[in-house]
Amino acid sequence: MKQFVCALLLALVAPQLVVGECDTKGVTVEKSFLQSVHDCAEYLQIPKERMMQYMANEFPPDDETKCLLFCVGVDLGWWNNTCGLQVPSIVSYFQPVQGDKQYEKRTKECLERRVGAIESPNSCCQAYETFQCYFQEFGNLVTCPQYVRLTKLQATQAALDCLVMLRYPEELLQVYACGVVEDSPETRCLYHCIDHRTGLYTEQHGISTKNFYIRDSSCNDLRYLSKETKACRDRIRQSGCDKCTEVYTTHTECFAGLGENGYTSGIITEAAKMALTNLGVGCGQSCSLKSCPHKPVYTPTKPPCNVCNERYEPAKPYPSPVASVKPAAGLTYCGHKPSPPCTKGTAGGRMYNKSHLGYGSRGCGCTRCSGRSY
């Protein structure tokens with residue numbers, strides 16, 4: 001009887017082990033708008049009866065709903081309490097109507113018009129009115145799950161996980177912790193692990209320029225989505241390079257000058273410091289340029305990555321083909337006026353989704369969006 005039960009269980013489980021890819025999503029988060037609404041309703045203990053209203057795309061201007069949408073904005077990465085609106089993250093949740101060429105203009109005007117009506121730094125009001133402008137003017141809500149960008153802390157943890165899983169030695173951690181993240185077989189495979197673990201790369205589709213655009217939401221750098229960047233990525237992917245080289249070379253050749261300066265190398269440095277602390281090995285001093293007067297050196301022990309011609313070659317440091325292109329202006333508004341609570345603004349424009357009237361929001365400029373974005 002036991003043998004029969006075991007055979008039955010094996011028959012049920014085996015197809016799941018064989019069919020499909022292994023789960024290598026790491027810390028990648030993909031979430032739908034309604035999933036986030038449901039989670040935030042749980043967090044804020046909003047009565048379940050209200051969920052029917054929200055599922056019908058009705059978001060009335062009461063305090064409960066405003067703070068729910070603030071929670072959704074934080075959860076999905078399109079709202080930041082310091083900078084406000086993060087455009088790349090919010091636009092992934094809306095689909096413009098085909099043939100509509102004015103949706104961006106109307107959304108920007110809505111944000112500018114309604115933000116003037118909010119005279120207090122009320123995050124719930126600001127997030128709610130930001131959502132309403134996109135909800136009413138940009139397009140229809142997307143129902144399927146979308147990529148959610150990680151916070152810097154989460155991305156650093158992913159980098160730390162990769163350092164541990166790849167079993168890099170203490171000497172190399174010391175080099176990374178001092179801010180020296182240079183081309184080597186180890187560095188290339190670390191970039192591959194980080195991008196794979198954080199949902200920026202998959203074996204099937206390669207580097208996702210859309211997810212990189214969302215990752216660097218504060219910069220709103222549309223050059224990530226340009227034909228030139230995609231062509232550069234495809235050229236490297238089709239060249240026959242190994243995975244580690246494909247990822248690293250895409251960073252250095254296609255993404256140089258795009259998005260946030262030094263994002264990946266920065267989280268590697270912070271993760272290496274954490275790894276050394278976990279090992280009980282202190283840097284002695286803070287690992288900065290001052291505490292590392294002599295450039296640390298590490299001799300690679302990994303076999304060299306297979307480059308296209310079966311031998312190791314460092315990436316050629318030529319600039320990104322789109323690095324000189326001026327980034328597109330983001331749909332943000334920086335004219336926030338601190339004063340009394342939310343007051344209604346005027347509604348206008350085409351109504352795509354059924355909703356109530358909204359107010360406005362603020363955004364803020366990006367502070368580190370230039371230079372070589374490795």
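We number each residue from 1, following the sequence as shown.
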**Message:** Pairing donors with acceptors under 3.5 angstrom, does anything connect the side chains of His192 and Asp242?
**Reply:** no

**Prompt:** By side-chain hydrogen bond (donor to acceptor under 3.5 Å, both in side chains), which residues pair with Ser36, not counting sequence neighbours?
**Reply:** Asp75

**Request:** Could you tell me which residues satisfy salt bridge (charged side-chain N to carboxylate O under 4.0 Å, His left out) with Arg233, sequence neighbours excluded, listed by chain and number?
**Result:** none

**Request:** Run through the side-chain heavy atoms of Ile, Leu, Val, Met, Phe, Trp and Tyr, join any pair under 4.5 Å, and report what else lands in Met274's cluster.
**Result:** Leu160, Val164

**Prompt:** Could Lys273 and Glu270 be called an ion pair, given the rule that one side-chain N must be under 4.0 Å from one carboxylate O?
**Reply:** yes

**Asked** Can you name the residues that form a salt bridge (charged side-chain N to carboxylate O under 4.0 Å, His left out) with Asp63, not counting sequence neighbours?
**Response** none

**Message:** Tell me whether Lys105 is salt-bridged to Glu137, with the criterion being a basic N under 4.0 Å from an acidic carboxylate O.
**Reply:** no

**Asked** With distance as the sole test, does Thr249 use its side chain to make a donor-acceptor pair with the main-chain N or O of Thr245 at under 3.5 Å?
**Response** yes

**Request:** Could you pull out all residues at least two apart from Met55 that satisfy side-chain contact (heavy atoms from CB on, under 4.5 Å)?
**Result:** Leu34, Met51

**Atom CE of Met52 with >12 non-hydrogen neighbours under 6.0 angstrom** = no

**Complete:** Gln35 meets the side-chain hydrogen bond (donor to acceptor under 3.5 Å, both in side chains) criterion, sequence neighbours left out, with Ser32

**Item:** With Tyr176 via ring-ring contact (aromatic ring centres under 6.0 Å, His included) - residues at least two apart
**Value:** none

**Fill in**
Residue set satisfying side-chain hydrogen bond (donor to acceptor under 3.5 Å, both in side chains) with Tyr93, at least two apart, ordered chain then number -> none

**Prompt:** For Asp39, which residues count as a salt bridge (charged side-chain N to carboxylate O under 4.0 Å, His left out) partner, sequence neighbours excluded?
**Reply:** Lys31

**Request:** Using the test side-chain contact (heavy atoms from CB on, under 4.5 Å), find all partners of Leu166 that sit at least two apart in sequence or belong to another chain.
**Result:** Tyr168, Leu190, Cys193

**Prompt:** Looking at residues at least two apart in the chain, or sitting in another chain, which of them share a salt bridge (charged side-chain N to carboxylate O under 4.0 Å, His left out) with Glu203?
**Reply:** Lys243

**Prompt:** Taking only residues two or more places apart in sequence, or in another chain, which ones meet Gln154 in a side-chain hydrogen bond (donor to acceptor under 3.5 Å, both in side chains)?
**Reply:** Thr151

**Message:** Checking the side chain of Thr107 only, and the main-chain atoms of Tyr103 only, is there a donor and an acceptor separated by less than 3.5 Å?
**Reply:** yes

